Protein chains: 2
Amino acid sequence: MANIKEIARIAGVSVTTVSRVLNNHPYVSKDKRTAVLKTIEQLNYTRNMNAVHLITGRTGAVAVILPMINSFYFSVVMDGLAQAALMAQYRLILCQTNYVPEEELKVLNMLRNKEIDGVVIVSTALKPEMIEPYCAYGPIVTCQNSGERPYSSVYIEHYAAFRHGLDYLHSKGHRKIGYCEGRENGSSASIRQSAFQDFLAEKGLPFDPEWMIFDCVREEDGAEVARRLLDMRSRPEAMIISGDHVAAGLIIEARKHGLSIPEELAVMGFDNQPIGRLLEITTIDNQLYQMGSAAFEIVHKHIHGSSLPVTRKLEYRIIERSTV
Amino acid sequence: MANIKEIARIAGVSVTTVSRVLNNHPYVSKDKRTAVLKTIEQLNYTRNMNAVHLITGRTGAVAVILPMINSFYFSVVMDGLAQAALMAQYRLILCQTNYVPEEELKVLNMLRNKEIDGVVIVSTALKPEMIEPYCAYGPIVTCQNSGERPYSSVYIEHYAAFRHGLDYLHSKGHRKIGYCEGRENGSSASIRQSAFQDFLAEKGLPFDPEWMIFDCVREEDGAEVARRLLDMRSRPEAMIISGDHVAAGLIIEARKHGLSIPEELAVMGFDNQPIGRLLEITTIDNQLYQMGSAAFEIVHKHIHGSSLPVTRKLEYRIIERSTV
DNA sequence: TTGTACGCGTTATCAA
DNA sequence: TTGATAACGCGTACAA
């Protein structure tokens, strides 16, 4: 393939002039510009971007660390990231890490290697002290509050949002409240657990360990929960469930067994997923798309100079439908 | 940041020796190797990968072109791609193009630019004749049958799979059959339309344009279809629906209005999505995950030398549940 | 087993 | 407005 030197030789100019044309720099006479463009056309020339990356020290790429893409939560965040990246003419490197910290560190090392200009971390497998040393190599944005750390973040107040949902259930008169969660030790899951425990304590409500169910990730897990509830001697009046698709599974299975919702069991979802709208599930919207787009915008600003870390809090809101 | 020259100087060896250590090449004495490793450690050195990419002519990255990531179909394919890429230690550049051909061409040009080693096209916005010229620049794999074209593909036999579903409905005694599709002019959607029309013609069944409904993409669209069906003077006995989540919307809404499924309306889904399992929707599994992983494996093989185009056909199978 | 020197393809610098 | 040349950081042919 032709290179810039050959273009210069054939067009009868210097490589500098060719470079100026390629980059739309001023101070190129009309004659030479057209001569260069014509030669480029003739030889079907394009730049080798690796050389550009080497000399400029930039790649126009940002890596995204997420545990899995095939999940409503992450694919919506990714959508937001991708649309923002498309607008900014940036490339996104999708690094699906399955929550394996070693894989996530590899991505951070790409920042050191100059393979990328920045990183967005949507996963939560890495502890802040693992991330921090990499700030020296380029901008990093996480999706949980980075507080006093030297990197930026876009975050949801998981505690407050979940607490808000619980208070809503309480305001509707529910006192016996159960809770479904995904991974027991997930970072935001832990926060929601605290919110749940604190809520019970403050309101003086009883805690029944049987009403707190973990590893609810898929629709079928929700259905399984419904069956467990039906078997209980003492059943909660209301369930708060992280993830509308899990709530959907619970609702469909419960109704199949003749349990009426919300009369016999109120259900509050989380994350405002499409299935929730269909089943009219009362839920909490967490602005996941905005989380993605905001994360990209912040990393993009950092790449272009703004160096002070930013923490952006996203709003949440209850969507009242008909399952509570 | 330190570079290889500085490491060599401080370690008291040549850059060649450092390079050999970095790349685990043989013929380096133990002494020099440890000296180099020690210096690397001390100076916190890592390679600038852009220089490596420039000199080697490879980047270890593959781009994926897809219209949107926030959709069950594409996120499952992407999952397959990502897992295969992770195993092969490759990076994946996610290019969400919203079906805009210009954006997809930009990605193909990245191949020309040497920014990537290969491309997987999951979208269908580009015509084969648009793709073909780019084969000169590196391996390309598409997700629809590439036939005699000079690039590879992994594909589902959309015609046969859909036809199989229709025959299944027919074998169950259904004669008045309706059909829900996503984008009317989508590439695989058009194929399914032909299958549908051919099926009706062969079986001598009537075609009612009212029973063929397009733009069904979300759960709510399925619910809307249910309402339309309920209003019809003459209603189909069975519906075949591209996408289980659309089928789910239809089923839930139909049942809400007292229509019993499958007795009064049989429903056949497509794509075997999680929601379909929960609602016990009879559907056709299209091996989307395998589509992604196979696509990556093929492009990976091409990158490492194998140059003959491959077309890999994936199997489909009916999953009999209880809505037909 | 080791080192010298060149090449990869581009942009930046500076003098003209 | 133009061009010669340095610089980016690394891999490798070839010589020793």
Side-chain angles (χ1 to χ4, degrees), chain A residues 1-40 43-61 109-117 137-138, chain B residues 1-40 43-61 109-117 137-138:
Chain A
M1 265 284 283
N3 59 23
I4 199 175
K5 231 173 186 164
E6 195 172 347
I7 300 295
R9 187 176 53 77
I10 297 178
V13 299
S14 70
V15 291
T16 311
T17 300
V18 178
S19 180
R20 288 206 180 93
V21 172
L22 288 170
N23 296 288
N24 286 316
H25 282 188
Y27 304 128
V28 182
S29 68
K30 207 153 200 141
D31 287 359
K32 303 217 167 187
R33 164 162 279 125
T34 53
V36 168
L37 290 174
K38 205 177 113 191
T39 313
I40 286 174
L43 299 201
N44 189 28
Y45 164 83
T46 47
R47 287 184 291 187
N48 181 323
M49 291 308 289
N50 293 315
V52 178
H53 297 162
L54 175 59
I55 189 81
T56 61
R58 284 212 184 146
T59 62
N109 276 310
M110 290 171 63
L111 201 56
R112 248 181 109 189
N113 292 339
K114 311 269 185 194
E115 287 190 83
I116 50 179
D117 297 346
Y137 308 118
Chain B
M1 266 284 283
N3 58 23
I4 198 175
K5 227 172 187 168
E6 196 173 345
I7 300 295
R9 187 175 54 77
I10 296 178
V13 299
S14 70
V15 291
T16 311
T17 300
V18 178
S19 180
R20 288 205 179 95
V21 172
L22 288 172
N23 296 289
N24 286 316
H25 283 189
Y27 302 129
V28 181
S29 68
K30 208 155 197 136
D31 287 0
K32 302 217 167 185
R33 166 162 275 125
T34 52
V36 167
L37 289 174
K38 204 178 114 192
T39 313
I40 286 174
L43 298 201
N44 189 29
Y45 164 82
T46 47
R47 285 185 292 189
N48 181 324
M49 291 308 288
N50 293 314
V52 177
H53 297 162
L54 175 60
I55 191 86
T56 61
R58 282 208 187 151
T59 62
N109 276 310
M110 289 170 65
L111 200 55
R112 247 181 109 189
N113 293 338
K114 313 269 188 192
E115 288 190 85
I116 49 178
D117 297 345
Y137 308 118

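Each chain gets a letter, A, B and so on, in the order its sequence line appears, and its residues count up from 1. Computed from a predicted structure; not experimentally measured.
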Are a donor atom and an acceptor atom from the side chains of A/S14 and A/T17 found within less than 3.5 Å of each other?
-> yes

Please tell me which of A/V15 and A/S29 maps to the more 5' nucleotide of DNA chain D, matching each residue to the nucleotide holding its nearest heavy atom.
-> A/S29

Does OP1 or OP2 of [N] have a side-chain N or O of [X] closer than 4.0 Å?
X: A/S19; N: C/dT11; value: yes
X: B/Y27; N: C/dG3; value: no
X: B/K32; N: C/dG3; value: yes

Can you figure out which of [options] approaches the side chain of [X] most closely?
X: B/V13; options: C/dG3, C/dT10, D/dG9; value: C/dG3
X: B/T17; options: C/dC8, C/dT10, C/dG3; value: C/dG3
X: B/A51; options: D/dC8, D/dC10, C/dT10; value: D/dC10
X: B/S14; options: D/dT12, C/dT4, D/dC10; value: C/dT4
X: B/R20; options: D/dC10, D/dC14, D/dT5; value: D/dC14
X: A/N48; options: C/dT2, C/dT11, C/dT10; value: C/dT10
X: A/N23; options: D/dG11, D/dT1, C/dT11; value: C/dT11
X: B/I55; options: C/dG9, D/dT1, D/dC10; value: D/dC10
X: B/T16; options: D/dT1, C/dG3, C/dG9; value: C/dG3

Is a side-chain N or O of B/N50 found less than 3.5 angstrom from the main chain of A/N50, in a donor-acceptor match?
->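 Pair absent, no side-chain N/O of B/N50 close to backbone of A/N50.
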
Grab the [atom1]-[atom2] distance between [X] and [N] for me, whole Å please.
X: A/E6; N: C/dC8; atom1: CD; atom2: C1'; value: 15 Å
X: A/H53; N: C/dC8; atom1: NE2; atom2: C1'; value: 15 Å
X: B/R9; N: C/dG3; atom1: CZ; atom2: P; value: 15 Å
X: A/L54; N: D/dA7; atom1: CG; atom2: P; value: 14 Å
X: B/N113; N: C/dT10; atom1: CG; atom2: C1'; value: 13 Å

So what does A/K5 hit on the nucleic acid, given a heavy-atom distance under 4.0 Å: a base, only sugar-phosphate, or nothing?
-> nothing

Under 4.0 Å between any heavy atoms, over every strand shown, what does B/V18 touch: base, sugar-phosphate, or nothing? Just pick one.
->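 No contact.
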
Can you name the one residue among B/I4, B/V18, B/N23 that meets side-chain contact (heavy atoms from CB on, under 4.5 Å) with B/R47?
->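 Only one option passes, and that is B/N23.
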
